[in-house]
Amino acid sequence: MAAAMQWVANFLISTTFPPILQYFGLGSAYGLYTVAAATSFFFILFFIKETKEIELEDM
């Protein structure tokens, strides 16, 4: 599943980067991807439970 999501993310970035670069510039393209990365960081930080030292059956 993780590998499939990696392929999907790579596809989305490779298809959206050229138009964003052409119409809005390099700063906007990197800014958009930075905001997406920061959003996902905080989503994981606050909404995904920690599973360290928890048995699979207990999850």
Side-chain angles (χ1 to χ4, degrees):
M1 185 60 142
M5 290 310 297
Q6 181 68 33
W7 277 92
V8 169
N10 286 334
F11 175 77
L12 288 174
I13 290 174
S14 65
T15 56
T16 59
F17 183 76
I20 292 172
L21 180 63
Q22 180 181 3
Y23 294 116
F24 299 108
L26 188 61
S28 296
Y30 280 119
L32 175 69
Y33 300 131
T34 302
V35 168
T39 303
S40 66
F41 173 78
F42 288 111
F43 174 79
I44 291 170
L45 185 65
F46 292 115
F47 294 110
I48 305 298
K49 289 176 50 175
E50 176 64 50
T51 59
K52 185 176 180 182
E53 298 178 8
I54 297 177
E55 297 291 328
L56 181 61
E57 291 79 15
D58 293 335
M59 284 194 261

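Count residues from 1 along the sequence. Small disclaimer: the values here were computed from a predicted structure and weren't measured.
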Problem set entry | Val35: hydrophobic cluster co-members (side-chain, 4.5 Å) |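 Its cluster mates, by chain and number: none.
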Considering residues at least two apart in sequence or located in another chain, which fulfil the side-chain contact (heavy atoms from CB on, under 4.5 Å) criterion with [X]?
| X | value |
| --- | --- |
| Gln6 | Asn10 |
| Leu12 | Val8 |
| Phe24 | Ile20, Ser28 |

Exercise. If you round to the nearest 0.5 Å, how far is CG of Leu45 from CD of Glu50?
Worked result: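 The CG atom of Leu45 is 10.5 Å from CD of Glu50, to the nearest 0.5 Å.
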Problem set entry | Residues in ring pair (Phe, Tyr, Trp, His ring centres under 6.0 Å) contact with Phe42, at least two apart in sequence or another chain |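 Applying ring pair (Phe, Tyr, Trp, His ring centres under 6.0 Å) to Phe42 gives none.
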For this session: Please name all residues satisfying ring pair (Phe, Tyr, Trp, His ring centres under 6.0 Å) with Phe47, sequence neighbours left out, ordered by chain then number.
Result: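 Phe47 satisfies ring pair (Phe, Tyr, Trp, His ring centres under 6.0 Å) with Phe43 once adjacent residues are dropped.
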Exercise. Closest approach of Thr16 and Tyr33, non-hydrogen atoms and distance?
Worked result: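 Of all heavy-atom pairs spanning Thr16 and Tyr33, the closest is OG1-OH, 2.8 Å.
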Exercise. With hydrophobic residues grouped by side-chain heavy-atom distances under 4.5 Å, do Met5 and Trp7 end up in a single group?
Worked result: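 Shared cluster, no.
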Problem set entry | side-chain hydrogen bond (donor to acceptor under 3.5 Å, both in side chains) involving Tyr30 - partner list, sequence neighbours excluded |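 In terms of side-chain hydrogen bond (donor to acceptor under 3.5 Å, both in side chains), with neighbours along the sequence ignored, Tyr30 is linked to no residue.
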